[in-house]
Structure formats: C-alpha cells, structure tokens
There are 2 protein chains.
Amino acid sequence: MPSRSAVPDGKRPTLSDLAARAGVSVPLASMVMRGAKGPSAASRERVLQAAQEIGYRPDSRARLLRSSRSHLVGVQFDLRQPFHADMVEALYAAAGAAGYQIALSAVAASRSEQEAVETLLADRCEALILLSPHAPAARLAELAAQLPVVSVARRLRPLTDGVDVVRAADDEGARQAVDHLVALGHRDIVHIDGGRAPGAADRRRGYKSAMKHHGLTDRVRLVPGGLTEDHGAAAARTLLAEAARPTAVLAFNDHCAIGVLDTFLRARIPVPDEISVVGFDDSHLARLAHVQLTTVGQAAPQLARRAVSRAVARLEGGATDDEREVVVTPHLVIRSTTKTPCRS
Amino acid sequence: MPSRSAVPDGKRPTLSDLAARAGVSVPLASMVMRGAKGPSAASRERVLQAAQEIGYRPDSRARLLRSSRSHLVGVQFDLRQPFHADMVEALYAAAGAAGYQIALSAVAASRSEQEAVETLLADRCEALILLSPHAPAARLAELAAQLPVVSVARRLRPLTDGVDVVRAADDEGARQAVDHLVALGHRDIVHIDGGRAPGAADRRRGYKSAMKHHGLTDRVRLVPGGLTEDHGAAAARTLLAEAARPTAVLAFNDHCAIGVLDTFLRARIPVPDEISVVGFDDSHLARLAHVQLTTVGQAAPQLARRAVSRAVARLEGGATDDEREVVVTPHLVIRSTTKTPCRS
DNA sequence: CATTTGATTTATAACGTTGTAACGACGTTG
DNA sequence: CAACGTCGTTACAACGTTATAAATCAAATG
C-alpha cells in the first residue's frame with residue numbers, strides 16, 4: 001500500500017508540519033499561506049517551497065472555524081432547472097471576485113428546500129442566496145432573522161423583512177418581445193403564460209401593457225401554459241385546433257417555447273414562416289444550432305453579481321434599505337424563430 | 001434592527017450557550033446533540049428542549065475539525081450535463097444512507113475540474129466521487145494517492161492505481177437497444193457515435209457485436225456524432241442526404257437523439273413510422289410527453305449507490321481490490337420512438 | 001455500614017487555523 | 001548613548017466541537 005502523503009504518519013500535512021519543514025513558526029507559515037503582509041520575501045519563499053514539497057493544503061474548515069468571518073455564501077439551487085445551472089456558474093465567478101466562496105446545496109425531487117437550507121446553515125454560511133425559492137414568505141423571513149437572505153427570481157409581494165430580492169424585469173422583457181414582434185409587422189400575438197410560476201404574473205402584465213401601448217388591446221390573448229415542454233405542447237395544440245391562428249407566440253419560457261416549436265413542427269407549420277415564436281430565459285436550449293430560438297435573456301451574470309453584492313453589502317454593513325429589490329433589465333436575443341409574417 | 005438570534009450577543013448559539021441554557025455541561029450537550037448513548041432520558045429531554053428554544057444548530061465545520069473522520073464525500077459534477085443532475089440527486093440519497101454527507105463542487109465553462117477538486121480537498125473531504133472526469137489518468141492517480149477516488153462513467157483503460165471505476169455496461173446497453181430494434185424487424189440500423197466521449201467506444205463495440213450476433217455484420221454503419229443536439233442534427237442531415245436511408249438509428253445519447261428527431265421532423269420524416277430512434281441515458285429529456293424517447297437507462301440510483309459504497313469501503317477498510325471496476329447493467333426503456341418498420 | 005458496581009456526568013485536552021500582543025534585532029534620532 | 005520606531009518573527013489564546021479519562025452519585029452487594 002502506497003503512502004498517502006508526504007508526512008510520516010500518513011495523515012494529511014498541517015500547518016505545523018509545514019512550519020517544521022520550512023524551519024519557521026506556525027503563525028509565520030500561516031501568514032505566508034494566506035498571503036498576509038508581514039513575512040519577508042525570503043521566509044515567504046522558503047515556506048512556499050516547503051508547501052510544495054509536502055503538498056500542504058490549508059484546511060478551510062479550521063480556517064473558517066477560527067476566523068469569525070467565514071466568507072462563505074450558501075447557494076440553494078434546483079438541479080432540474082437549467083437556468084439555475086447558468087446562475088450557479090455565474091455565482092462562482094461573482095462570489096470569487098468579491099472575495100467569497102460559495103457552498104452549494106441542491107434541491108431535487110427527493111431533496112427539499114428545507115433540507116438544502118439546513119445543511120447550508122450547518123456549514124456556517126454567512127449569507128444565503130436562494131434561486132427561485134418556493135418556501136413561504138414567513139419561512140424566508142424567519143431565515144432572514146438569522147442571516148442575510150437573497151431571493152433570486154422570486155418576487156416577494158410585500159417586501160419581506162430582511163429578505164433582499166434580485167430579479168429580472170419580467171414585464172420589461174415581455175414588452176421587448178412584443179415590441180420586436182410588432183416591429184416585424186405582427187398583430188395577432190398570443191401569450192402562453194406560466195400560471196402561478198414566479199415571474200409569470202409580471203410577464204403577463206408586460207405582455208398586456210405592451211399590446212395596449214401598440215393599440216392592440218383587442219388582440220390580447222392568453223393561453224394557459226406552464227414551465228415545461230409539455231405545457232407548451234399542450235398550449236400549441238389548443239392553438240392548432242382553432243380556425244384563426246395567431247401569427248406569433250410569446251411563450252412563458254424557453255422550455256415552453258420548445259414544446260410549442262415541436263408541436264408546430266409535427267403539425268407541419270413552418271416556423272418562423274407561418275408563425276413566429278419567442279421564448280424567455282435564453283437558456284442553453286435556445287442556443288442550440290437547430291433551435292436558434294429568439295428569446296428574452298435574463299443575464300445570469302448580472303443577476304449573480306447583484307445577488308452577491310447585495311449579500312456582501314448586508315454582511316459588511318453597506319446595506320441601504322432602499323435597494324431591497326434589485327431589478328435587472330433583460331434584453332432580447334434575436335435568433336431565427338421570428339420573422340415578418342407572411343399574412344397579416 | 002431585529003435581533004438575529006436568541007442569544008444576547010447576536011452571534012449564533014454554540015454548544016456552551018446550549019449547555020448553559022439546559023443547565024448541563026458542554027460535553028453532555030454534545031452527546032445529546034449527536035445522539036450518542038450515555039445521557040439519561042431526562043437530560044436528553046432538557047437539552048433538546050433548550051436547543052429548540054435558542055435555535056441551536058451544530059457547527060459542522062467545528063465537528064469535522066475535531067473528529068478525525070469527517071464523513072464527507074466530495075462530488076465533482078458538470079452543470080451542463082443533465083445526467084449529472086440525476087446522479088447528484090441519487091448521491092445525496094446514497095451518501096445519506098451510508099452515514100455520509102456530500103459536498104458539491106461544480107464544473108462549468110468557466111470553472112475547471114482542477115478548481116473543483118481543489119475546493120473539495122480544502123473542505124477535508126475523505127473521498128472524491130468524480131462524475132465523468134476528463135482529467136488525465138496520471139492526475140487521477142496522483143489524487144488517489146491522497147484519498148479514495150471513484151470515477152463514475154469514465155472508464156480507465158489500464159486500471160489506474162487507487163482509482164475505482166463505477167460505470168454502466170455501455171456495450172450491454174447498446175446491445176439491448178439493437179436487440180430491441182431487431183426484434184421489431186429492423187435490419188438497417190445505424191449508430192451515431194460519440195467520438196472520444198467517455199463510454200462512446202463501448203457503445204460502439206456493443207452495437208457492432210450485437211449486429212454481428214444477429215448476422216447483420218454487413219449492415220453495420222457508423223456515423224460520426226457527438227454529445228449534443230447539434231451533433232445529432234448534423235448526423236441526421238447526413239443520413240437524409242443519402243438515397244438508402246436506414247430504418248432505425250441508435251444515437252450516442254438522448255441529447256443527440258433529440259437532435260436527430262428534430263431534424264427528421266423538419267424533413268417531414270415521421271418517427272417512428274418511417275424511422276425508429278433510440279437514445280441513451282434516460283435523462284429527463286427522454287421522458288418529456290411530446291418526446292417519449294425509447295432509450296437505454298443508466299440507473300443513476302444504482303450507480304450512485306455503488307459509487308458511495310465503493311468509497312466507503314475504501315475508507316472503512318473493507319475494500320477488496322477485485323472490485324476496482326464496478327459495472328452496472330443498464331436497461332432499455334421502451335417509449336414511443338421505436339416501432340416495427342413499414343418497409344424492410 | 002463499608003464497598004463495589006454501574007450509570008451519568010464532567011473536566012481536560014485536543015483538532016488546525018488565525019488574531020493579538022509581545023518579542024528581538026536593527027538602524028535612527030535627539 | 002539612550003530612547004525610539006520599524007520590521008520580521010513568535011508565543012499564546014481562542015474558534016466550537018468531540019474523545020478520553022476521570023469524577024460523581026445512587027443503588028446494590030457483602
């Protein structure tokens with residue numbers, strides 16, 4: 001059996017092993033490892049050299065334990081939502097830039113938000129970033145009493161005590177989509193909505209007000225939909241069954257839009273020639289070469305940055321209460337599923 | 001500003017706060033909290049009561065620091081791969097059942113495997129479970145010298161020292177798919193392969209040998225593909241451009257199969273009436289109501305259980321070297337994209 | 001009644017790290 | 001020459017927990 005480390009007793013090397021090896025004191029070795037100012041260039045050199053040799057790696061748990069600040073932000077995300085994947089990636093970057101680390105805790109069919117949050121708290125996170133949390137507002141408030149909590153993409157009706165909200169301007173996104181379609185010449189624009197999903201109400205509102213703004217109030221038409229391909233497919237079938245079809249569809253999100261596209265495709269209705277389709281989220285689905293969905297981008301990197309900076313502000317005392325809800329402007333990404341209508 | 005905790009000084013309650021509140025010593029409180037045997041029912045009751053009152057929550061970092069065993073398994077996964085999401089979910093369950101916790105570290109476009117592993121090591125994980133790692137075998141061996149490493153779904157040609165492998169029997173999966181198609185009456189079955197992706201070689205081999213077994217050696221046909229929808233779409237276009245089309249396609253994975261389906265759909269080729277399509281992975285994509293893809297299931301829960309039990313065996317000394325490669329049998333999930341061919 | 005037994009409880013010392021304060025050596029200054 | 005900073009280094013204590021061993025106590029034994 002091969003030795004598992006460079007130190008005799010087989011355990012993983014500690015600061016004191018490192019200090020011994022470099023011939024310096026433990027605190028000095030510590031200062032070098034954490035890049036504190038103080039140690040001379042010579043000492044620094046020797047310690048780093050020794051660290052290399054014995055394969056020393058700081059123990060983050062001991063670190064966090066010792067320093068009152070843990071510089072750790074807990075992130076709760078849902079494994080089933082591709083948009084969350086984008087957000088997690090962006091959060092790694094945003095947190096890193098702000099000098100924080102993130103701890104992930106996943107939610108899935110077999111793992112509740114409750115469990116996810118429990119483990120984050122046990123890990124001594126200083127703040128929580130929750131991606132579209134479903135927990136009741138009361139529960140969020142309860143958490144916020146313990147530590148800063150940022151809800152991303154989930155709007156909280158009455159601003160809940162201590163809970164910050166970072167979200168995209170869903171209404172503005174829907175408006176942009178409608179503007180784009182109208183500019184192309186569309187008038188019969190249907191919205192397949194997301195029911196009670198977070199953001200759905202705003203998107204609905206944005207759609208309606210944009211239609212009104214263009215003098216198309218009488219063409220407003222909502223079809224019940226949802227978050228998944230299946231919902232989109234069902235809604236599309238509803239539309240197909242009718243005599244007068246719309247010339248454009250604004251779906252609740254990309255998933256839903258894909259379901260719509262697929263159904264149209266099966267029904268031999270060419271997109272965008274016969275009907276234009278717009279999605280929402282700019283998830284990777286929309287970018288696929290054979291999909292090339294026109295969609296409203298939520299700018300995950302921006303949302304992530306704002307969420308982190310919000311949490312950090314709370315932690316470091318720079319929080320101003322007038323920014324309890326941060327709204328990021330989305331932007332339309334025009335690809336190949338929208339086009340001037342052939343009939344009007 | 002509301003108080004952030006039930007303890008006066010605003011910090012989060014510790015064991016000694018708890019002990020003080022319950023009127024017992026710190027060690028006793030500790031024993032109660034970790035469910036050790038010893039404390040009397042009365043003490044246990046009082047401590048739990050007090051914990052409830054002050055909202056005490058054990059600090060897992062301090063716990064891990066103190067006890068030499070951390071009971072923490074690090075999991076590296078890729079945010080872009082839906083199959084990994086299934087695996088992570090299953091790993092939570094499997095690790096929990098074995099008395100371990102898992103720490104997640106994600107890989108993405110902007111976060112390398114190197115970074116992911118670094119943080120896991122800094123977190124004092126006792127073992128690493130890597131989901132289809134791309135790191136060179138030498139690097140894995142280096143890691144394995146420090147702690148038990150399990151590679152899931154990535155086969156290592158020469159069994160690398162100390163690295164355990166848990167994977168699905170990709171060749172067997174491909175064989176099942178071919179058997180199914182042949183049983184339906186197909187003979188011209190094409191395989192769109194995954195190039196150099198982990199598992200691709202095995203699937204290719206399984207396909208070929210199954211074809212041979214059915215006396216269809218002369219019908220063997222490989223089309224270069226890949227892991228994404230775009231790869232599948234490209235391969236499908238290649239097939240469409242030809243005079244003699246196959247009656248069935250076995251795609252490298254579900255993503256690839258979706259690309260194939262979509263391309264056929266656009267070309268007005270009915271699936272499964274004209275061509276049958278089989279995927280691989282049984283990811284949630286395959287289960288969508290409007291897709292209903294026949295596919296080869298990798299049994300994430302099983303893979304997860306085996307991976308965890310392998311890691312635990314190494315940690316607890318029950319590792320037997322004859323099980324360094326665990327192969328789980330996949331199973332075919334028949335949905336609606338396969339059917340008896342109309343022409344033969 | 002002294003004494004052993006067993007069940008509970010507690011004191012003490014770690015785990016690996018970092019913050020604080022103190023230390024020594026050096027050249028500067030009054 | 002003494003007092004003074006400055007720089008680099010170190011000793012010590014602490015973070016919140018748990019393992020070990022020692023201490024306490026009631027009950028049971030002789």
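Source: prediction; values computed, not measured. Keep in mind that the numbers below use all heavy atoms, side chains included, and drop hydrogens, waters and symmetry copies. Proteins get letters first, then strands, A, B, ... in listed order; numbering begins at 1 in each.
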> Applying ring pair (Phe, Tyr, Trp, His ring centres under 6.0 Å), which residue pairs with at least one partner in residues 96-133 of chain B are found, sequence neighbours left out?
Replying inline: His71(B)-Tyr100(B)
>> Tell me every residue that passes side chain to side chain contact (heavy atoms under 4.5 Å, CB included) with Ala122(B), counting only those two or more places apart in sequence or in another chain.
In response: Ser60(A)
Protein-nucleotides 18-21 of chain C N/O pairs closer than 3.5 Å?
{"residue": "dT18(C)", "atom": "OP1", "partner": "Arg63(A)", "partner atom": "NE", "Å": "2.6"}
{"residue": "dT18(C)", "atom": "OP2", "partner": "Ser30(A)", "partner atom": "OG", "Å": "2.5"}
{"residue": "dT18(C)", "atom": "O2", "partner": "Arg66(A)", "partner atom": "NE", "Å": "2.6"}
{"residue": "dT18(C)", "atom": "O2", "partner": "Arg66(A)", "partner atom": "NH2", "Å": "3.2"}
{"residue": "dG19(C)", "atom": "OP2", "partner": "Arg34(A)", "partner atom": "NH1", "Å": "2.6"}
{"residue": "dG19(C)", "atom": "O4'", "partner": "Arg66(A)", "partner atom": "NH2", "Å": "3.1"}

> To the nearest Å, how far apart are Leu65(B) CG and dA13(C) C1'?
Replying inline: 13 Å
> Just how far, in rounded Å, is C1' of dT17(C) from CG of Leu64(A)?
Replying inline: 10 Å
>> Going by ring pair (Phe, Tyr, Trp, His ring centres under 6.0 Å), name the pairs with one or both residues in residues 101-157 of chain A, residues two or more places apart or in two chains.
In response: none
> Residues two or more places apart in sequence or in another chain: which of them pass side chain to side chain contact (heavy atoms under 4.5 Å, CB included) with Arg63(B)?
Replying inline: Met33(B), Arg34(B), Pro58(B)
> Does anything in residues 105-120 of chain A pair up under salt bridge (Lys or Arg N to Asp or Glu O under 4.0 Å), and if so which pairs, sequence neighbours excluded?
Replying inline: Glu118(A)-Arg57(B)
>> Heavy-atom count check: over 12 atoms from other residues, nucleotides or ligands less than 6.0 Å from Arg154(A) CZ?
In response: yes
> dC15(C) P sits how many Å from Asp17(A) CG, rounded?
Replying inline: 11 Å
> If you walk 5' to 3' along DNA chain D, what is the first nucleotide with an atom under 4.0 Å of a heavy atom in chain A, and what is the last?
Replying inline: dG8(D) to dG16(D)
> Taking only residues two or more places apart in sequence, or in another chain, which ones meet Arg80(B) in a side chain to side chain donor-acceptor pair (under 3.5 Å)?
Replying inline: Asp78(B)
>> Test of understanding: with side chain to side chain contact (heavy atoms under 4.5 Å, CB included), list the residues that count as partners of Ser110(B), not counting sequence neighbours.
In response: Glu89(A)
> So how far off straight is the helix from dC1(C)-dG30(D) to dG30(C)-dC1(D), going by the axes through five pairs at either end, to 10°?
Replying inline: 70°
> Is there a side-chain polar atom (N or O) of Thr14(A) under 4.0 Å from OP1 or OP2 of dG16(C)?
Replying inline: no
> Residues in side chain to side chain contact (heavy atoms under 4.5 Å, CB included) with Arg155(A), at least two apart?
Replying inline: Arg167(A), Asp202(A), Arg205(A), Glu325(A)
>> Once ring pair (Phe, Tyr, Trp, His ring centres under 6.0 Å) is applied, what residue pairs with a partner in residues 138-161 of chain A remain, sequence neighbours excluded?
In response: none
